[in-house]
Amino acid sequence: PDDREKHRLRLIERLLMSEGRVAISRAANDLRLAGFDFPQNQDVQLQLLEHNDEALARQAIIQLQVLLQSERPIKLPVFSQRLRRLEEVGEDSSTRNAAADLRRMIRA
């Protein structure tokens with residue numbers, strides 16, 4: 001891989017290894033500011049549920065709904081906990097509703 005691809009992979013790895021909303025948000029923002037899209041996989045999208053920007057978390061919920069049509073959910077306890085947090089404390093009603101819908105989907 002060229003240097004740009006190596007940089008992208010390092011940023012994705014940093015996002016995946018980040019813990020806590022602040023660190024996850026910072027790593028995700030750095031990936032986006034470097035001009036890269038978020039990979040459309042459960043690991044990355046699960047991390048984005050913790051982003052400080054609720055619009056980005058809603059986009060992750062939508063992407064996860066698509067992914068779960070053909071895949072089983074990974075890290076189910078973490079998945080459920082992050083959705084429950086969004087469902088309970090999300091500022092926007094569309095975020096709360098989307099989180100609740102997805103949480104019901106993974107329990108089914």
Side-chain angles (χ1 to χ4, degrees):
D2 64 8
D3 288 342
R4 182 159 169 76
E5 179 63 10
K6 288 179 185 175
H7 182 57
R8 183 183 82 83
L9 293 173
R10 276 194 305 272
L11 290 171
I12 291 169
E13 182 66 22
R14 186 172 140 228
L15 173 59
L16 292 173
M17 299 306 293
S18 294
E19 294 183 21
R21 295 186 74 204
V22 172
I24 289 170
S25 296
R26 187 175 303 126
N29 290 343
D30 289 348
L31 182 66
R32 204 166 34 173
L33 287 172
F36 300 112
D37 292 328
F38 297 113
Q40 304 300 310
N41 62 51
Q42 283 190 58
D43 287 329
V44 170
Q45 299 302 314
L46 186 59
Q47 286 292 82
L48 294 176
L49 292 177
E50 287 290 284
H51 199 284
N52 288 330
D53 181 350
E54 205 168 291
L56 198 54
R58 271 194 312 277
Q59 290 174 0
I61 290 171
I62 292 166
Q63 183 58 42
L64 285 163
Q65 287 171 330
V66 171
L67 290 169
L68 293 179
Q69 291 176 11
S70 61
E71 303 172 11
R72 296 179 58 88
I74 61 168
K75 302 177 187 173
L76 201 51
V78 173
F79 208 140
S80 183
Q81 180 270 330
R82 289 182 180 177
L83 289 171
R84 184 175 26 251
R85 183 191 61 75
L86 284 169
E87 185 179 351
E88 293 172 355
V89 300
E91 293 178 16
D92 190 282
S93 64
S94 64
T95 301
R96 292 189 305 272
N97 293 335
D101 291 344
L102 184 54
R103 199 157 75 91
R104 277 191 295 279
M105 182 178 174
I106 65 172
R107 284 190 308 216

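Position 1 is the first residue of the sequence; numbering continues from there. Everything numeric here is computed off the predicted structure, so don't read it as measured data.
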- Message: Once side-chain hydrogen bond (donor to acceptor under 3.5 Å, both in side chains) is applied, do any residues pair with Glu13, and if so which ones, sequence neighbours excluded?
- Response: none
- Message: Suppose we screen for side-chain contact (heavy atoms from CB on, under 4.5 Å). Which residues come up paired with Asp101, at least two apart in sequence or across chains?
- Response: Gln65, Arg104
- Using a 4.5 Å side-chain heavy-atom cut-off and chaining through intermediate ILVMFWY residues, the residues clustered with Leu15 come out as Leu11, Ile12, Leu16, Ile24, Leu31, Phe36, Phe38, Val44, Leu48, Leu56
- Taken in chain and number order and not counting sequence neighbours, the residues that satisfy side-chain hydrogen bond (donor to acceptor under 3.5 Å, both in side chains) with Gln45 are none
- Item | For Asn97, all residues meeting side-chain hydrogen bond (donor to acceptor under 3.5 Å, both in side chains), sequence neighbours excluded | none
- Search all heavy atoms of Ala34 against all heavy atoms of Arg4 and return the closest pair with its distance. O-NH1, 3.5 Å
- Query: Is the backbone of Thr95 close enough, under 3.5 Å, to the side chain of Glu54 for a donor and an acceptor to pair up by distance?
  - Reply: no
Exercise answer: donor-acceptor pairs, residues 75-86 side-chain atoms, under 3.5 Å, sequence neighbours excluded:
{"unit_1": "Arg82", "atom_1": "NH1", "unit_2": "Leu46", "atom_2": "O", "d": "3.1"}
{"unit_1": "Arg82", "atom_1": "NH1", "unit_2": "Gln47", "atom_2": "OE1", "d": "2.8"}
{"unit_1": "Arg82", "atom_1": "NH2", "unit_2": "Gln47", "atom_2": "OE1", "d": "3.4"}
{"unit_1": "Arg85", "atom_1": "NE", "unit_2": "Glu50", "atom_2": "OE2", "d": "3.2"}
{"unit_1": "Arg85", "atom_1": "NH2", "unit_2": "Leu49", "atom_2": "O", "d": "3.1"}
{"unit_1": "Arg85", "atom_1": "NH2", "unit_2": "Glu50", "atom_2": "OE2", "d": "3.3"}

- Query: Could you give all pairs that pass the side-chain hydrogen bond (donor to acceptor under 3.5 Å, both in side chains) test and reach residues 23-41, with sequence neighbours left out?
  - Reply: Arg14-Asp30, Ser25-Asn52, Asn29-Arg32, Asn29-His51, Gln40-Gln63
- Query: For the side chain of Arg96 and the backbone of Val89, is there at least one donor-acceptor N/O pair under 3.5 Å apart?
  - Reply: no
- Where do Ala27 and Ser18 come nearest, in terms of heavy atoms and distance? CB-OG, 3.6 Å
